[in-house]
Each structure stands twice: as C-alpha cells, then as structure tokens.
*Asks:* 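One structure coming up, written as structure tokens, with questions to follow.
Numbered from 1 within each chain, the chains take letters A, B, ... in sequence-line order. Nothing here was measured: the structure is a model prediction, and the numbers come from that model.
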Amino acid sequence: MSIANLSYRAVFSLVLKRDLTIAMRHKDDIINPLLFFVIVVTLFPLGIGPEAQTLSRIAPGIIWVAALLSTLLSLDRLFKSDHDDGSLEQMLLSPHPVFILVLAKIVAHWLITGLPLILIAPLLAVLLHLNEQSYGALMLTLLLGTPVLSLLGAIGVGLTVGIKKGGVLLSLLVLPLYIPVLIFATSAIDTAALGLPYSGQLAIIAALFIGSLTLAPFAVGAALKVSTN
Amino acid sequence: MSIANLSYRAVFSLVLKRDLTIAMRHKDDIINPLLFFVIVVTLFPLGIGPEAQTLSRIAPGIIWVAALLSTLLSLDRLFKSDHDDGSLEQMLLSPHPVFILVLAKIVAHWLITGLPLILIAPLLAVLLHLNEQSYGALMLTLLLGTPVLSLLGAIGVGLTVGIKKGGVLLSLLVLPLYIPVLIFATSAIDTAALGLPYSGQLAIIAALFIGSLTLAPFAVGAALKVSTN
Amino acid sequence: MWKWLHPYANPEVSYHFTGKILPWLGALATLFLSIGIIWALAFAPADYQQGDSFRIFYVHVPAASLSMGIYFGMAIAAFTSMVWQFKLADASAAAMAPVGAIFTAIALITGAAWGKPMWGTWWIWDARLTSELILLFLYLGVIALHNAFEDKNLAGKAAGILTLVGVINLPIIKYSVEWWNTLHQGSTVSKLGKPSMSIDMLWPFVFCFIGFALLVATIICIRFRSEILTRNSIRPWVRTLVSEHLSKHIAQEKNNAI
Amino acid sequence: MSVNQATSLTPPLISVTNLTCIREERLLFDQLNIEINAGDIVQVEGPNGSGKTSLLRILSGLSQPFEGEVFFNQQLISQSREEFHQDLLYLGHLPGVKGEMSAAENLSFNLTLQGAPNNAVNIEKTLSAVNLTGFEDSLASHLSAGQHRRISLARLYKSTAKIWILDEPFTAIDKQGVRALELLFKAHIKQGGCVILTTHQDLLTFEPEQVKKITLDYVFD
Amino acid sequence: MSVNQATSLTPPLISVTNLTCIREERLLFDQLNIEINAGDIVQVEGPNGSGKTSLLRILSGLSQPFEGEVFFNQQLISQSREEFHQDLLYLGHLPGVKGEMSAAENLSFNLTLQGAPNNAVNIEKTLSAVNLTGFEDSLASHLSAGQHRRISLARLYKSTAKIWILDEPFTAIDKQGVRALELLFKAHIKQGGCVILTTHQDLLTFEPEQVKKITLDYVFD
Amino acid sequence: MQFDSFSAFLNMGGYGFYVWLSFGVSAALIAGLLFSSLTSHTKVIKQIGARQQRENKLRQVRKNRQNSTTNNPNEETQ
Ligand code: HEM
Ligand SMILES: Nc1ncnc2c1ncn2[C@@H]1O[C@H](COP(=O)(O)OP(=O)(O)OP(=O)(O)O)[C@@H](O)[C@H]1O
Ligand SMILES: Nc1ncnc2c1ncn2[C@@H]1O[C@H](COP(=O)(O)OP(=O)(O)OP(=O)(O)O)[C@@H](O)[C@H]1O
Ligand SMILES: [Mg+2]
Ligand SMILES: [Mg+2]
C-alpha cells in the first residue's frame, strides 16, 4: 500500500503552482479582471460627469465597488472549470485534506486577481482625483480587504459550483458578505481624507481577514462536498 | 426530399419560445440579473455615504452603470450554454438563415433580462433620491437603451463563445461599445432634471437602436461561424 | 486593376520583399528620429507661454495622430481580408494592433505628463482625452481576441469583425464624448487648440513626425514577418527557411564556443 | 490513405476534392478525394487523433479546410448552404440536448428546427423507439449519460435528410441500442440516403463488403 | 439483480450492505449486497439509465446512498477517508484533464496529487504507454477526444492504488487502446488489486468466467 | 542650442521632471516593443523548428513500431 508522503506544504505548493501555471498560460486570466476594474472605474465619470469635485467625493466608493465587482466576476474561475472537467472530483478523492487544496486555490486566486488590482489602484485614484491624503489608506484597505473578498467569495463558489448557471446566483450569495468590508474600507479612506487616524477601521478589516482565513477553507471544503454530490 | 416550409416568423417564434421556456424553467435566469442590479445600486449608498444631495446628483449614472453591468453579466447565457451542449452547432446547421435564429435569441435575452430591469428601475430611483422630473427620461432611455445593450453584447458573446474563459474578455470587448449609450442616456436624464427637453438625446439612442438592430444579427452570425469553427 | 498587387499577395514573396526593405526603413527611421529628437530637445525654442514643457509636444502629437492612423490602417486591413479573403491582410492587422496600442499609451502618458504642469492635474475628463482612452480599450480588445484564439486564421477573422464594429463606433464615441463634456462643463481646455507654430518649431516637428511614422512602419514590418511565418509554418518554403536558420544558428554557437 | 472511387454513373451525393487539413500545424490528411453516393454507408476509421472528427466537421461545413473543396450535388456547399443543410443531419461529439428541457421538448424542438412537421403523437412514438418511454417528461439533465444521447439520436427516426454524418453515435449506448441503430442505418441507405460515421466498434449487422471505409492515419509531410 | 458472494476467506476489499439508491423518486437498486475481493474484476452491466454510474459514485464515496453502507477493509468509508482515498483510483465520465496544461503537466499533476513520486523520465514513458509520444507538450485542449481521455487513463500505469473504479473507460478509445487497457487490468488484478468498471462493450481478452458481473436492471415496486 | 549648460538642459526651465518623464517612458515603451518584435521573429522560428523535430521523433517511433509488428505479429504492441 502506498503512503502519500507529501507534507501539507508540498501539496499546497503543488496546487498553487498548477493554478499559477494555468493563469500564466492563459494570461487573460490576469489581465482581464484588471481591465474590467479599469473599465468600470472609467464608466463612472462618463455616467456621472467630469467635475473633479464630485468625482473626488465619490472616488473611494467607486474604486472599492469596482474592486468588489471585479473580484466577483473572476471568482468563477476558482472552481468552475475544475468542476466542469472533472478535476474537482479528483481533488476531493485525493488522500490529502480538502482544506489545504482549497486554501492553495484561494491563494492562487488572490495572487492572480487581487494583487494586480492593488498595484493599479493608485493610477485609477489619479483618474478620479482622489484626495492626496487618502492614498495610504486606499492601499492598506485594499491589501487587507481583497484577500477577504477572495476567501468569502470562495464559499459562494463552492456552494454554486454544481449548479448549471450559477453566475448571478453567486453574486447574490456573495455580495451581502462583502458589505462589511466595503463599509469599513471606504470609511477608512474617507477618514484619511480628513486627516484623521483610521486605524480603527483597519483593525476591523484585519480581524475580518483573520477570521475568514481560518474559517473559509473548511466552509468551502464542506460546500464542495455537498455541491458535487 | 423534405422542404423546410417554416416561414421566417415561425422559426423566430420557435427559438424565442424555447429560450423563454428554458428561462421560466430556471427562474434564476430572470431573477438573478435583477437582483444583481438592485445589489449594485444599493452598494453605492453604502460606499459613498447617505447624503441625499450627492446621491441624487449621481443617481442617473449609478442606475445606468448598474444596468450596463447587469446586462453584461447576463450576456454569458446568450450563447454559452448552447455552445457547450452542441445546440449551437445544430442551429448553425439548420436550413434557416442564421440571423433569424440569432435575432430570436437576442429578443429572448432582452425579454428575460432587460425588461425586468426597466420595471424595477423606478424603485431604485426612489432609493437614490432621483430628481422627480427625471423619471420619464429614465424610463424612456432604459426602454430604448437596454435593447442596444443586448444587441451589441451579442456581438461580443458571438466572438468569445468558443474561447474557454471568455467571461472577462467579453467585458473588455463590449464595454467600449456601450459608452455612447451610457453617455446619451445619462445626459438625457440630467437634462430632464433641469426641466429642459431631452428629445435630442432620445433620438440619438433610437438611432443607435435601429442601427444595431439591423447590423448586429449579421455581425453575430459571422462571429458565431468563426468562433465555432 | 488589382493585378500588380497579385505577386505581393503571395506570403513568400511579401516575406522576402519586406525583408529587403526593412533595413532601409530602419535606417531612415533612425536618421529622421535622431535629427528630430535632438533638434526638439536642445535646439527648438521654448514656447513663450508653456516654456520648455512644450517639448513634450514633439512626442505627444505624433504619437496621438499615429495611434489613430494605425487603427484606421487596421480597419482597412480587416475590411480587405473580409471582402476579398486576403489572408495576408489579417497578418498585417495582427501586426498593427500592438504597435497601435503602445502609441496610444504613449499619447496618454505624454499628455498626462504635459497636463500636470499646464492644467495642474494629470487627468481631466476632456473629450479628446476620454476618446483616446477608449481607443486604448478598443486596441486592447483586439489584441486580447488575437491572443484568445489558437488558430491564427480564426483569430484574424474574429478580430477583424471586432475592428470593423469598433470603427463604426469610433465616430459615435468621439461625438458623444465631445457633446457629453461640453454639456457638463465650459471650455476650460481651450488651450488644446492648435498653437500657432513658428518655423523653428515646425521643422523639428516635421522630422519627429516622419521619424515616428517610419519607426511605426519598421516595427509593423518586423511583426508582419513573424506573423507570416506562424501562419505558413507548414509550407515547404518556411520549413527550408527554418532549417537553414537553425543550422546557421548552431554553426554560430559552435564558432562562439571555439 | 484509401480513396473511394465512384462506383456508379449517377453523380455522387457528396464529393470532396484535394482536401487538406492542418490542425496545430500538423498535417492530418493531404489531398484527399472522396465520392459518396446514395446508398453508401461509410465508416471513417483511424486511431485516436488521426483526424476523423476534423474530417466530419469539414464535410458538414462546420470547419473550413486548409485547402480543397466539398461539393453537394456537384455544387460547393458554401454556395448551396440552404439546400445542403436541408439534406444534412450532423450529430457531433456533443449531443445538442438542453438539460433544462424535457426529453419530449428537446426532441420536438430539434425536429421543428430541421423543418419536420411537429406533432405530439409522433414525439411520443419516436421517443419510445429509442427506449425512452416513461421518460418523456423527465428533464434531460436528470437522465443518465446514455439516455441523454438517446434523445439526440431520436431525431434520426424522423429525419428526412439524405446525408447523415454521425461522430461516434454509439458512445454510451448499450448493446441493444447499438443494434437498433444499425437497423435504422440499413433502412436509411435502402431508401437512397447515405451514412458517414466514425466508431471504434465494428458494425456488427453489416457485411464487411457493404461498408466503405476511409482509413486515416498519421501523415508526415 | 445478481449479487456476488464472497469466494474466499480473507476479508473483502470492498463490501456493500443493503445498498438502496433512489434518483428522481425512481428506485434504481434495492438492498444490494456486494463483496469485492483482491484479484476481482467486476463489470457492472445494465442498459442505459439502470444506475451504473450512480452505483460507482456511491462506491467511491462521491455520492451518499439512500440507504446502506459501503465498507473498505471492513471500515465505513466515511470513517477511514484518508486510507480509502489512498487506495482508490476513480475515473468518471469526465476525464479530469485541464485543457490549458500540456499532456505531461496534466499527468504529472495528477500523479503527484495521488502521492506518487514525480519525475520527468517517468512521465514521458507513461505517456508513451498510452501512445501519446510526440504530444507531451501539446495543450490538452488541442488533442482529439480519444487523446484527451488517454491522458486521464495514463495515470493507471503508475497507480499504486488497489481499487480502480472506472466508469466507461473505453469511451472514445480506439481498438488497440482498449486491448492495451485490458492487459493492464490483468496485470493489476494479478498483483492483488481489483477493478470495478462499466462498459457497453465486452471485455475481449478476459475469459467470461474471470469477470464477475453485477447486472442492474429497471426495478418497479 | 537653447541651453547654457548641461544642468539647464536637464532642468528644462523647471519642467525637467515632466519632459524627461515623457521622453523616458516613450523611449522605454518603444524599446520594449522593438525588442519583443525582434525576439518574436526568432522565437517563431525556434518554435517551428521544435515542432519539426517532434514530428521527426514521432515518425521514428512509428517506423520502429511498424517494424516490430511485422517481425512478430503475435506480440501486442501499444
Ligand atoms: C492624457 C492627456 C492627453 C491626451 C490623451 C491627448 C490626446 C491628444 C490627441 C488624441 C490629439 C490629436 C492628435 C491629432 O489630431 O493628430 C492631441 C493633440 C494635441 N494635444 Fe493632446 N492630449 C493630452 C494632453 C495634452 C496636453 C496637456 C496638452 C497641452 C497643454 C496637449 C496638447 C496637444 C496639442 C497642442 C495637440 C495638437 C493639436 C492639433 O494638432 O490639433 N495635449 N492630443
Ligand atoms: N443528475 C441526476 N439527477 C436526477 N436523476 C438522475 C441524475 N442522473 C441520473 N439520474 C437518474 O438515475 C438513473 C440512473 O442513472 P445512471 O447515470 O446511474 O445510469 P447509468 O446506468 O450510468 O446509464 P448509462 O449507461 O446511460 O451511463 C437514470 O435513469 C436517471 O433517471
Ligand atoms: N481544438 C483543437 N485545436 C487544435 N488542434 C486540435 C483540436 N482538436 C483536435 N486537434 C488536433 O487534430 C488532431 C485530430 O483530431 P480529431 O478530433 O479530428 O481526431 P479524431 O480522429 O476524431 O480522434 P478521436 O478518435 O480521439 O476522436 C488531433 O491529433 C489534435 O492534435
Ligand atoms: Mg473524434
Ligand atoms: Mg453512466
């Protein structure tokens, strides 16, 4: 009888590497959510009007809502394609704990979609005339907040992956979970624009991050087992 | 030898009826884009703050951007599932002209996703404190504009349907095409808020509608033939 | 009427033809650009209003007009390939897209860098700026579509459809954006109007413009040649060309080793 | 690569000249010439990846060949699209069956799209011919792999098209089902139709000399 | 419904007690008892829609039965998940192969996930065993239906799992390929493994009495 | 020459940062484009060469296989 003598870390990096390879092969996976983010942000001035004052007032909200929607759209790639070609079944049947595989896939998802968003956010902040004092807060909230989006989103995908047209149902499940992140993040940025300390809001986002990091992988594992039944 | 003696109208209604049946079977298809629309609109007061004045200033932009994104998300269902289960191949091989089948599918898509948006829009306008003079303009622009979104979107879907992960690529292709509709529609609503006539903008949207109605089905047909090759 | 074009419709002939004119194009581009850029940076007079920031003009305007010109060329190529099934036109359209995107990006970046000292902000939602940004999106869409299909012939056809739809849309976008902007806000950006140029400024500009145009032609030629190779890799002439090239390469490496 | 010769003096139903197919820059077949007449049953043979599916898709007009032409009744298929499609029934690897519709609805849609007159009695009888009695109103997504394919195959029983192009029609079908299909093919060619199919199983109820074979194999330049 | 009896005194590898499966309110099988020992090859038979796939998914733990239990080495599979999965290789209707990765990358990932030591020479040799020499670096989405499945089947050659559960493994595979797979099954059961499979073709190289059969058929109560 | 000294040239009348930023970014982007265009040509040639070699290998394998089947027809070859 063979003993799968791969340590947790090895399994984690195996899956992570595979997902990153697929993304690099298919560079669109990285570029497209980013472009979506950019396009959504540019749509708002077109819809609302070009006045700098209005734009700078609503900039934090727009950037965060766009980040949220862009993450949402990219969530699909987390398990859907693995489900459709049978790889997910194989992973659930592997001798390793499911939560590690799930965590690796979530981390890969964040590296592919969350990180690029953070890198391009300052540029979009310029387009929307964001208050100069708020840049630090914007970056920090994105850095702590986008992983939460990936983690919570994974739960939604896990639940809907077996359903044929889960695309919009997914957003229905996930968006309410995203609301606290949105509220605290934009409030932090607004506070920073006034020159006040915003560490309170940051601490809450950090707490959300740690909480979802510990709980989400197990929830996702359970959800996947149900939805592939 | 059998002669397919179905008139164009019969083929049109055959395909239309089938798509509507599927949507009714799977009620999520109708409810979910609607809910997405509602959720996106409600995210903005959360991200921006509850002041009535700011909200009413940006309401037309937000409603229209949300309508646009919601249409975009639902576009996937236009051809993707037909492609994945081989029905699209069968339609392309049927003895009837492709543009009729395509047009029927687009009309079905609008009935399923566009029409409900229009019906619920006044409610959301109330939530965002839209200027009372603008309601008529909002409804008229949505009525003329959302079919354009479905028609132009179909071109994008036609091009990307053969590609594995076309989801976000689709938005990149389609959103630039949506910009004129967005600009004229919001401008009409803003003009109406000032009590000025907005028939000029409406006329342009109507022209866009007629232009895309005549050209899009052929472009989509050509695109489908390429992408299923 | 089209007869004289016929030999160039042959991939092999046009591959070798472009190979022959490429060095000349490159040399001319280098010549014009080096004269133009040095003149523009060091010898042209400063603008009486904008000072030395005006020197950005010499890159900005050629890049902006080339960005639009290349899209136009791409649309013509797409049309040709669709109507006359002219496969080489697809290859040339595929070669143009990335070049156009880069020049659009240059126009945007130089414009932004000029806007900060002149208008006090990197970006405003002016009509011209906005439509240039949308042009960038259209380019990126075409490139993404080219990359999304493995079969380059299909990719060419799909991107051609998108290019043509985009070209119908381009004037609509342009006018809508212009109208949208003036509706909301006055003409604060009237500075964008053409400055009356003196002769000392015109000549370096002409050199820069021609230089950039030649550079664009050169790069498109280079890319066009690799597009031809990928699309015809099964043809015997490509096979012999590849094996000759590779054997030469190996021989060179051996020489280096010795 | 075997090339079928014309065996009768009547013009062939489908003919193919100088067909070359390249996928992934690999030459699958080169300068293929085929003539298929009424009454022929043609089995395209070859190991996995030899280009059977590619050939069938070109014959049906779904893919464009790298070089060469396909004729239907001596007209280019791209120029007589409507007549050709009226006489063509193509079933690919994918069944073209919608999971959200019931078996009966699926069949009825597919038949009507092809131009057949639609009536309910017919539908029920046709479904019973593919052994789906009792499943008429089950959603297709709730059926097993083989039942799913049977819905798609059912349209063969009502088809008025002369040319049947079938890519691995026996996938997931049980033995009884395979035998029933073969009988159907026999009836079809007797009525002056033709069948072009791929399968990795042997056709059991046909005499070996009755079946024309097109054998594909790897080719190198 | 036939039920296999234990034929040896050693404890069975897999045993199933009182298994009942209901899908869509239709009883597929009722009170099924099976024992499968090392060295068995078991073919689950039955017409389309009789519940073969459902049974295999229950055996592998992917679906929960309506009633009854599945034991591995006399332990409930839900209670010995890790050991069971280490000894299980399940291949379903879907191949579990990613189109964006090359044949070699797919195989290597699948093997490593199962816990096999990963090395490049092995991968190439294994792929050549399923006749994919020369396609190691082709993206899986660019391969034909049969080649696609072969990538998935390749892992059988390196598997150290005792229990193989295979749902229609021969789909889209050409004749030579089927014969090679049967030889592989022979070697596997000789080494003390067991194979549980469904297929609508007959196993050709096995003696009829060598193959245990579980025959499912429609039940109406 | 418009400038008195090299530092004045660099300073560009106070607009140095913006002017050099524009020219620098433009030069970098064009250089990158030129580089990728030039390498893509050799990359394409290498790719085609690799594929030809793969085909040769495949041809060899098949030839060997055919030989072995004709030599001992009873042996299963796969
Ligand atoms: C991101 C910002 C900018 C963008 C996207 C942009 C874009 C354009 C475009 C598309 C053109 C048209 C070229 C043609 O018609 O051939 C143009 C021309 C021009 N731009 Fe800009 N521009 C920007 C900022 C600026 C700034 C800040 C200035 C100067 C203060 C400026 C000065 C000019 C001038 C003088 C022309 C030539 C006008 C003409 O020939 O009609 N631009 N720009
Ligand atoms: N997803 C599903 N939801 C509900 N019922 C299903 C589902 N899949 C299958 N069934 C039902 O279960 C029965 C058995 O299906 P199963 O897939 O196990 O059959 P099978 O023996 O594998 O058939 P085949 O030979 O066609 O693959 C079918 O008749 C069908 O009615
Ligand atoms: N989508 C694709 N893109 C690129 N190349 C492909 C694609 N599909 C198939 N090919 C290539 O074409 C060749 C022939 O494929 P095809 O599907 O025609 O084979 P087949 O004879 O039907 O095989 P099978 O018996 O496995 O179904 C394959 O070897 C593969 O390399
Ligand atoms: Mg095939
Ligand atoms: Mg089954």
Side-chain angles (χ1 to χ4, degrees), chain D residues 23-26 28 44-57 92-94 102-103 130-135 137-151 153 167-168 170-180 198-202 204 215-218 220, chain E residues 23-26 28 44-57 92-94 102-103 130-135 137-151 153 167-168 170-180 198-202 204 215-218 220:
Chain D
R23 299 217 64 166
E24 280 279 282
E25 279 109 47
R26 220 164 56 72
L28 289 183
V44 183
E45 274 191 334
N48 289 137
S50 55
K52 302 181 291 301
T53 299
S54 308
L55 176 61
L56 296 195
R57 286 179 69 89
H93 276 297
L94 296 168
S102 70
V130 290
N131 228 342
L132 283 176
T133 313
F135 291 95
D137 298 325
S138 305
L139 293 190
S141 65
H142 292 172
L143 296 178
S144 77
Q147 291 172 321
H148 206 85
R149 273 199 82 83
R150 280 165 184 263
I151 299 178
L153 291 168
D167 199 353
E168 305 199 21
F170 304 144
T171 301
I173 300 294
D174 58 28
K175 279 180 217 157
Q176 279 237 317
V178 172
R179 205 157 314 136
T198 66
T199 165
H200 293 296
Q201 293 161 254
D202 285 317
L204 293 176
T215 310
L216 299 177
D217 210 337
Y218 301 109
F220 304 96
Chain E
R23 298 213 69 162
E24 284 278 284
E25 278 113 47
R26 223 164 54 73
L28 290 183
V44 183
E45 275 190 333
N48 290 136
S50 54
K52 301 180 293 299
T53 300
S54 308
L55 176 61
L56 295 195
R57 285 180 69 90
H93 276 298
L94 295 167
S102 70
V130 289
N131 225 344
L132 283 176
T133 314
F135 292 94
D137 299 325
S138 304
L139 294 189
S141 65
H142 295 171
L143 296 178
S144 78
Q147 290 172 321
H148 205 85
R149 275 200 81 83
R150 279 165 185 265
I151 298 177
L153 292 168
D167 199 353
E168 305 200 22
F170 302 144
T171 300
I173 300 293
D174 58 28
K175 279 180 219 161
Q176 278 235 318
V178 172
R179 205 158 315 136
T198 68
T199 165
H200 294 296
Q201 292 161 252
D202 284 318
L204 293 175
T215 309
L216 300 177
D217 211 335
Y218 301 110
F220 301 97

*Asks:* For E:Leu139, is it the side chain, the backbone, both, or neither that has a heavy atom closer than 4.5 Å to a heavy atom of chain D?
*Replies:*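 For E:Leu139, neither part sits under 4.5 Å from chain D.
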*Asks:* Does any heavy atom of chain E fall under 4.5 Å from the side chain of D:Glu168, the backbone, both, or neither of them?
*Replies:*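 For D:Glu168, the contact with chain E is made by the side chain alone.
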*Asks:* Counting only heavy atoms closer than 4.5 Å, note whether E:Thr53 contacts chain D via side chain, backbone, both or neither.
*Replies:*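 When you check distances to chain D, no heavy atom of E:Thr53 falls under 4.5 Å.
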*Asks:* Go through the structure and list residues passing side-chain hydrogen bond (donor to acceptor under 3.5 Å, both in side chains) with D:Ser102, not counting sequence neighbours.
*Replies:*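 Scan of D:Ser102 (side-chain hydrogen bond (donor to acceptor under 3.5 Å, both in side chains), adjacent residues dropped) gives D:Glu105.
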*Asks:* Is D:Arg150 in contact with chain E via its backbone, its side chain, both, or neither, using a 4.5 Å heavy-atom distance?
*Replies:*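 Only the side chain of D:Arg150 comes within 4.5 Å of chain E.
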*Asks:* Grab the two heavy atoms, one from D:Ser144 and one from E:Asn48, that are nearest each other, plus how far apart they are.
*Replies:*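 Smallest heavy-atom distance, with atoms named: OG-C, 3.9 Å.
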*Asks:* To check you understand the geometry: which heavy-atom pair defines the closest contact between E:Lys175 and D:Asp202, and what is its length?
*Replies:*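 In this case the closest contact between E:Lys175 and D:Asp202 is NZ-OD1, 2.9 Å.
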*Asks:* What residue, out of D:Ala145, D:Gly177, D:Ala172, has the most heavy-atom pairs lying under 4.5 Å from chain E?
*Replies:*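 Looking at each of D:Ala145, D:Gly177, D:Ala172 in turn, D:Ala172 comes out on top.
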*Asks:* For residues 44-55 of chain D, which residue pairs qualify under salt bridge (charged side-chain N to carboxylate O under 4.0 Å, His left out), counting only residues two or more places apart or in two chains?
*Replies:*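 Checked against salt bridge (charged side-chain N to carboxylate O under 4.0 Å, His left out) - neighbours excluded - the pairs reaching residues 44-55 of chain D are D:Glu45-D:Lys213.
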